[in-house]
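Report on the structure given below.
The model shown is predicted, which means the values in this text are computed figures rather than measured ones. For the numbers below, each heavy atom of this structure counts, side chains included, while hydrogens, waters and symmetry mates do not.
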Amino acid sequence: MSVSVDVLYTAVATAENGRDGRVASDDGRLDVVVNPPKELGGSGAGTNPEQLFAAGYAACFQSALGVVARREGADLSGSLVTASVGLGKTDDGGYGLSVAVSVRIPGVDQAVATALVEKAHQVCPYSRAVRGNVEVALSVVG
């Protein structure tokens with residue numbers, strides 16, 4: 001099911017030479033060399049699309065968690081969100097992604113933290129974008 005979006009902001013980035021080149025945003029704030037990681041036979045000298053996706057997902061999820069926490073009156077002080085993005089082969093011979101989101105919320109009961117993370121997963125734009133296409137594992141760590 002497709003959801004209509006009233007766009008408030010559009011990010012624009014251009015890639016040159018794919019996974020072994022450069023990616024830059026149109027405003028110049030992002031300009032990075034990308035190289036395949038050593039695990040995939042590359043030099044590993046630059047960043048890679050999976051690291052960029054993980055960084056965006058972690059930041060977006062943290063913000064979604066903040067929205068949910070404010071609604072619930074929970075304190076997120078000292079919280080951390082880590083997103084791990086895996087790239088691998090799929091059953092049909094193509095490539096696909098997997099995501100693991102790990103959240104640490106000090107001083108918040110495990111059950112409450114788990115509920116907050118699950119609610120954040122429902123509202124996070126990255127989670128919504130990959131839902132049904134990418135396996136996302138959520139965990140709350142002490």
Side-chain angles (χ1 to χ4, degrees), residues 1-108 110 112-142:
M1 179 176 121
S2 179
V3 175
S4 178
V5 176
D6 181 17
V7 176
L8 302 173
Y9 168 74
T10 300
V12 178
T14 302
E16 180 181 342
N17 294 326
R19 288 182 168 273
D20 207 1
R22 179 177 158 260
V23 177
S25 61
D26 65 335
D27 63 5
R29 292 177 189 257
L30 176 73
D31 191 342
V32 295
V33 171
V34 290
N35 299 116
K38 289 182 179 182
E39 297 84 349
L40 297 179
S43 69
T47 189
N48 59 67
E50 292 71 36
Q51 288 176 328
L52 295 170
F53 188 69
Y57 205 137
C60 189
F61 199 95
Q62 178 82 38
S63 291
L65 187 61
V67 168
V68 169
R70 280 188 293 283
R71 287 182 194 158
E72 305 272 331
D75 181 8
L76 289 185
S77 298
S79 66
L80 296 172
V81 174
T82 301
S84 302
V85 175
L87 172 69
K89 292 195 175 192
T90 59
D91 294 340
D92 64 4
Y95 288 89
L97 299 175
S98 66
V99 175
V101 177
S102 175
V103 180
R104 179 179 177 273
I105 310 174
V108 174
Q110 182 81 9
V112 171
T114 298
L116 291 171
V117 167
E118 289 172 359
K119 288 176 184 177
H121 186 50
Q122 296 306 308
V123 300
C124 173
Y126 275 60
S127 292
R128 291 174 56 97
V130 302
R131 189 165 291 125
N133 296 309
V134 175
E135 179 181 328
V136 179
L138 302 173
S139 65
V140 177
V141 295

Report the C-alpha distance between R22 and D31 in whole Å, list the side-chain angles of each, state the deciding distance to 0.1 Å, and finish with yes or no for side chain to side chain contact (heavy atoms under 4.5 Å, CB included).
CA-CA 7 Å; R22 179 177 158 260; D31 191 342; 2.8 Å; yes
Give me the atom names and distance for the closest heavy-atom approach of C60 to C124.
SG-SG, 3.6 Å
Does a side-chain heavy-atom distance below 4.5 Å link V123 with V68?
yes
Kindly give the heavy-atom pair with the smallest separation between A15 and V23, and that separation in Å.
CB-CG2, 4.1 Å
Indicate the atoms forming the closest heavy-atom contact of A74 with L116, along with that distance.
CB-CD1, 3.7 Å
Side chain proximity check, L65 to L76, heavy atoms < 4.5 angstrom
yes
If I take atom CZ from residue R19 and atom CG from residue L40, how far apart are they, to the nearest 0.5 angstrom?
7.0 Å
State, with a plain yes or no, whether a side-chain heavy atom of D26 is found less than 4.5 Å away from one of T14.
no
Give, for atom CD of E39 and atom CD of E50, the distance between the pair rounded to the nearest 0.5 Å.
10.5 Å
Using 0.5 Å steps for rounding, measure from the OG atom of S127 to the OH atom of Y57.
2.5 Å
For K119 and E72, work out which heavy atoms get closest and say how close.
NZ-OE2, 2.8 Å
So which atom in L97 and which in V134 form the shortest heavy-atom distance, rounded to 0.1 Å?
O-CG1, 3.4 Å
Any non-hydrogen side-chain atom of I105 less than 4.5 Å from a side-chain atom of V140?
no
Nearest 0.5 Å please: distance from the OH atom of Y95 over to the OG1 atom of T90.
9.5 Å
Does any non-hydrogen side-chain atom of V99 lie less than 4.5 Å from one of F53?
yes
For the CD atom on E135, are there more than 12 heavy atoms of other groups (residues, nucleotides or ligands in this structure) within a distance under 6.0 Å?
no
Hey, what do you get for CG (N35) to CG (N17), rounding to the nearest 0.5 Å?
10.5 Å
Do R104 and V141 touch side chain to side chain, with heavy atoms closer than 4.5 Å?
yes
Over all atoms of both residues, closest heavy-atom pair of R131 and H121
NH2-O, 2.6 Å
4.5 Å side-chain heavy-atom contact, V103 and S139:
no
How long is the gap from OG on S43 to NZ on K38, to the nearest 0.5 Å?
8.0 Å
For S79 and Q62, which I'm curious about, is there any donor-acceptor pair between the side chains at under 3.5 Å?
yes
Side-chain contact test, heavy atoms from C-beta onward, threshold under 4.5 Å: evaluate it for V130 versus V136 and give yes or no.
yes
